[in-house]
Amino acid sequence: MQTHDIRKRFLDHFIRAGHTEVPSASLILDDPNLLFVNAGMVPFKPYFLGDQTPPYDRAVSVQKCVRTLDIEEVGVTTRHNTFFQMAGNFSFGDYFKRDAINFAWTLLTNPVDEGGYGIDPTRLWPTVYLDDDEAETIWRDEIGVPSERIQRRGLKDNYWSMGVPGPCGPCSEIFYDRGPEYGVEGGPEADEDRYIEIWNLVFMQNIRGEGGGKEGYEILGPLPKKNIDTGMGIERVACILQGVDNVYETDLCRPIIDLAAELTGRGYGTGSNEDDVRFRVIADHARTSVMLIGDGVVPSNDGRGYVLRRLLRRVVRSVRLLGAGSGASGPDGKGAGSGASGPDDRTASEPTMGRIVDAVIDLMSPSYPELDQQRAHIVAVAVGEEASFSKTLAAGSKLFADAADATKASGSSQISGGDAFALHDTYGFPIDLTLEMASEAGLQVDRDGFAELMAQQRSRAKADATSRKSSHADQRVYRDFLDRGPTVFTGFDELVSEARVVGLVAGGERVRSATPGTELEVVLDRSPLYAEAGGQTADQGQITTSDGVRLSVKDVQKVGKQVWLHRVVVDEGEIAEGDEVLASVDAGWRHGATQGHSGTHLVGAALRQILGPTATQAGSLNRPGYLRFDFHSASALTDDQRAQIEQISNEAVESNFQVNTFETDLDKAKAMGAMALFGENYGDRVRVVEIGGPFSMELCGGTHVGSSAQVGPITVIGESSVGSGVRRVEAYVGMDSFRYLSKERALMAGLASSLKVPSDQVPGRVEQLVARLRDAEKALDAAKAEQARVALSGLIDQAQAVGETLVVAGRVADGVDANGLRTLVTDVRGRIADRNAVVALFSTNGDKVPFVVGTTDAARGAGITAGDVVKEIAPLVAGRGGGKPDLAQGSGTDASGVDAALVRLRDVVGGR
């Protein structure tokens, strides 16, 4: 049975049983405790926590999940996966243990032609919590499972909680016996490799107290309502129904491995365990990366983006270690290389991510059709990261070569754990490439030292995560507001609305009234003030009453995506719950905000015209007079492209396009060509903003001008990178654009006056002055260098022999920087290259004291290395430094210590 069919049968089974199908949430949810959604129940947490009243009594979903705690174990074992699909059925105070057990059993064991999975019931083993007599009785007496196949287990295995104080309860897990060839008899208690868990039924009935781990907490008492939360692993059931050993052999993973084998010329399962591990890494991480990019994540150096970057780079690394090189295809190429490549070949390998990502999308899109719609974007992000990593590999290879040379020069045959860790952590150079290249260089790597540093890093990361993870924020104070229904937003049609105060919240507590000076949140039944969303900042305004109460609205945010929280300061009078008020928007603020938001749409449309459909939106921010637009692109805009974007945007302003808004079904909106934001979850009904017909059509809930001319002039003021594959354009609109251009004009007029040339000749005149200044600086540098060389001749003449080593050391002219000192030291060392000699030069450059030390071959043969000398003398000038055995440098801040440093230099040389 194919995985897509397994998924569909699960949903159909529970829909027939009266459950509401809930589509998978995005992998990215606004949850302070989670980087990614990691369990099927996560989207339902507000209902389990009692923060919100569920809109249904029972639900079913197949939720996308990502867990990244054990990335290093992926591929090493066949049990670890980063992406998986968790099927679950949920009850919110409706049914409990009996129905949950029956629903699971019938789906698993009913014949295939009756909508079930057709699993042999004699191979299923339930487990229950130690004192859960009720669950065991249901399994034994109602389902008919023999007592010897029902096992009781403790808190660690059969009691569930979120890991923090909150709902918890006993659970009943269902295991499948794979047979004696997989392990010993005796059920899950004896062997969880033979008996694999496929479904967990959580009977959420208690409240968990403080405490750590899976067993170190107290169970405080019962919940007001008993709930059901279950999770069935789609991939694990696929293994059983497809008769394969692990998820990598199933229909959604094995084709990726086969493609990787084609690209690399290596075989999977042909005897090389290292190769098999790499194939599994490719299959797992490629799937996860595609799902993350599809939900709006882009590679970066922190947070979610760093996880994605790490996954993509592990795929690239694994493909290259398997030998993909010449002939490996890019996004639209064909062919594959074979054989292992050396370090130089590896860094020059052709891209393979395009074909791998395409294959993943083909496999996953039957269940997630949005992946196919986003194909061009997903492929572009993955291939862009592959190209970026290729540059990292090239740089890492050079750094590795330096580390290898230094290791050999020191007489060691082992690269230090610190060097290996620096390559991995600072430069993104994978440890297994370091190991391979060390072997090729006849060296080893201190793996224990590397592992210790990695363990320390993980420990710091876990401690940081633990410090940030706390009890779930208590939002129950808002539950009454959420239950009464959404705030009616009137701001599309009016700037002033009559409203009633539904509630007041101060300091996280509900209050009945508030007096002047109080900061609080006000909930109204209706409001014209826009709550921050979709990149548009919140409106500012006032809330007043007929008897003189006045509140200044500083911010407006949403809770539960439907209730407006007006964050205010009470200026005059006393506001009370139930008061009738007037809520008003600052008209000037709103005008500027609509200009910024509509300008964002115009700039986005212009970008797509210039760069093509892959230049999709990655984020935005607009406020009065200003906009920024983040978009997906592998390269920076040229000056010409930037000018074209500005021109097209302003031509749209001049065209005075009508701005139309309307609501329609999501599918209809997409069929019309409306742009949607990657990773955004939309409801069945969406709002479409259309500017100039085909010029711009986007799904958007923000406020806009009535026609494009009202945006006013648009001036692009900057373009920059905000992450791998993501660029940012910033612009002013309206009066802010005019003011910016006015300042620019005044600046140009001032320059023209100072240079005594017409404005149109200013750029050429400035270029001439810059060229003359550059020539003067070169001449000055040359004069300084010549002066220094003359001084060096004197230093060489005054050189002293310390033992058998000639020491050329002293000060040079002030103002010589480290680069200049390196040139001078290299020059002097070249003149006496046949001698056992050390050269050390100091200078003062502002408040810095740069110094450089060089050694000849004979000096190094005598055991004198530049790096060691620098470390000895640096403290005497209040500095530090380091470098290679032949050339090292440092910098200090105390020029008065130079003489002492020169004395110490001679002592160090004499002691060798």
Side-chain angles (χ1 to χ4, degrees), residues 1-25 39-44 47-48 53-65 84-124 126 135 138-139 141-145 171-176 197-204 225-242 251-252 364 366-369 665-667 683-684:
M1 187 180 295
Q2 299 297 294
T3 302
H4 297 301
D5 189 21
I6 294 170
R7 183 179 184 277
K8 185 176 186 303
R9 282 172 181 263
F10 187 93
L11 294 169
D12 290 346
H13 177 76
F14 285 98
I15 291 170
R16 287 194 298 269
H19 293 66
T20 298
E21 180 183 354
V22 179
S24 173
M41 59 77 61
V42 170
F44 302 100
Y47 310 142
F48 289 130
T53 300
Y56 26 67
D57 293 331
R58 51 179 70 179
V60 61
S61 72
V62 177
Q63 174 63 44
K64 300 177 290 187
C65 299
F84 59 95
Q85 300 174 85
M86 185 60 72
N89 57 289
F90 308 90
S91 168
F92 309 103
D94 185 7
Y95 61 83
F96 203 48
K97 294 181 183 179
R98 176 170 286 101
D99 286 336
I101 290 171
N102 273 281
F103 285 144
W105 185 259
T106 53
L107 176 59
L108 291 174
T109 62
N110 276 358
V112 172
D113 57 6
E114 294 180 15
Y117 294 141
I119 294 175
D120 180 358
T122 65
R123 305 189 76 162
L124 298 176
I138 296 170
W139 280 116
D141 298 345
E142 299 184 31
I143 301 301
V145 178
C171 58
S172 180
E173 298 179 329
I174 305 173
F175 289 78
Y176 176 82
E197 178 198 342
I198 57 174
W199 206 332
N200 186 13
L201 314 177
V202 178
F203 311 131
M204 204 178 293
K225 288 184 178 181
K226 295 179 177 180
N227 305 311
I228 288 293
D229 159 29
T230 85
M232 186 195 84
I234 292 286
E235 284 81 3
R236 290 194 179 185
V237 173
C239 292
I240 293 169
L241 298 183
Q242 294 174 21
D251 60 315
L252 296 188
M364 300 301 295
S367 290
Y368 304 99
D665 295 337
L666 178 60
D667 291 340
D684 293 333

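Closest non-hydrogen pair, S61 versus V22, comes out as CB-O, 3.2 Å. For A100 against F203, the heavy-atom pair with the smallest separation is CB-CE2, 4.4 Å. The shortest heavy-atom contact between G231 and W199 is O-CD1, 3.2 Å. The shortest non-hydrogen separation linking A238 to I6 is CA-CD1, 3.4 Å. Nearest heavy atoms, G40 versus C65: N-SG, 4.0 Å. Taking both residues in full, the closest heavy atoms of V202 and C171 are given as CA-CB, 3.9 Å, listed atom of the first, atom of the second, then distance.
Classification of the Y47-Y56 ring pair by plane angle, with boundaries at 30° and 60°, yields perpendicular. Using bins of under 30°, 30° to 60° and over 60° for the plane-to-plane angle, the ring pair F90/F44 lands in the tilted bin.
We find the CZ-CD1 distance between F96 and I228 to be 5.0 Å, quoted to the nearest 0.5 Å. Interatomic distance, CZ of F92 versus NZ of K225, reported as 11.0 Å (0.5 Å rounding). Separating the NZ atom in K97 from the CG atom in L201 is a distance of 11.0 Å, to the nearest 0.5 Å. For the atom pair I234 CD1 and Q63 CD, the distance stands at 12.0 Å (nearest 0.5 Å). Between the CZ atom of R7 and the CE atom of M232 there is a distance of 11.0 Å, given to the nearest 0.5 Å. Taking CD of Q242 as the reference point, atom CD of Q2 lies at 5.5 Å (rounded to 0.5 Å).
Side-chain N or O atoms of E235 include one that pairs as donor or acceptor with a backbone N or O of Q85 at under 3.5 Å. The closest donor-acceptor contact from the side chain of D251 to the backbone of T3 lies under 3.5 Å. Under the 3.5 Å distance criterion, the side-chain polar atoms of H19 are matched with a main-chain donor or acceptor of F14. Distance alone, capped at 3.5 Å, places no donor-acceptor pair between the D665 side chain and the D667 backbone.
Cation-pi check for R123 over Y117 is not met; the charged atom does not lie both under 6.0 angstrom from the ring centroid and within 45 degrees of its normal.
A salt bridge links D5 with R9: the closest approach of a Lys/Arg side-chain nitrogen to an acidic carboxylate oxygen falls below 4.0 angstrom.
E173 meets the salt bridge (charged side-chain N to carboxylate O under 4.0 Å, His left out) test with no other residue; sequence neighbours excluded. Residues satisfying the side chain to side chain contact (heavy atoms under 4.5 Å, CB included) criterion with P23, sequence neighbours excluded, are absent altogether.
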Show me the side-chain donor-acceptor pairs of residues 101-110 shorter than 3.5 Å, one per line, residues at least two apart or across chains.
| residue | atom | partner | partner atom | Å |
| --- | --- | --- | --- | --- |
| N102 | ND2 | R98 | O | 2.9 |
| T106 | OG1 | H13 | NE2 | 3.4 |
| T106 | OG1 | N102 | O | 2.9 |
| T106 | OG1 | F103 | O | 3.1 |
| T109 | OG1 | W105 | O | 2.7 |
| N110 | ND2 | T106 | O | 3.3 |

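In this structure, W139 and L124 have side chains that are not in contact, with every pair of non-hydrogen atoms separated by 4.5 Å or more.
Checking each of T20, D94, N89 against R58 for a side chain to side chain donor-acceptor pair (under 3.5 Å) leaves exactly one that passes, namely D94.
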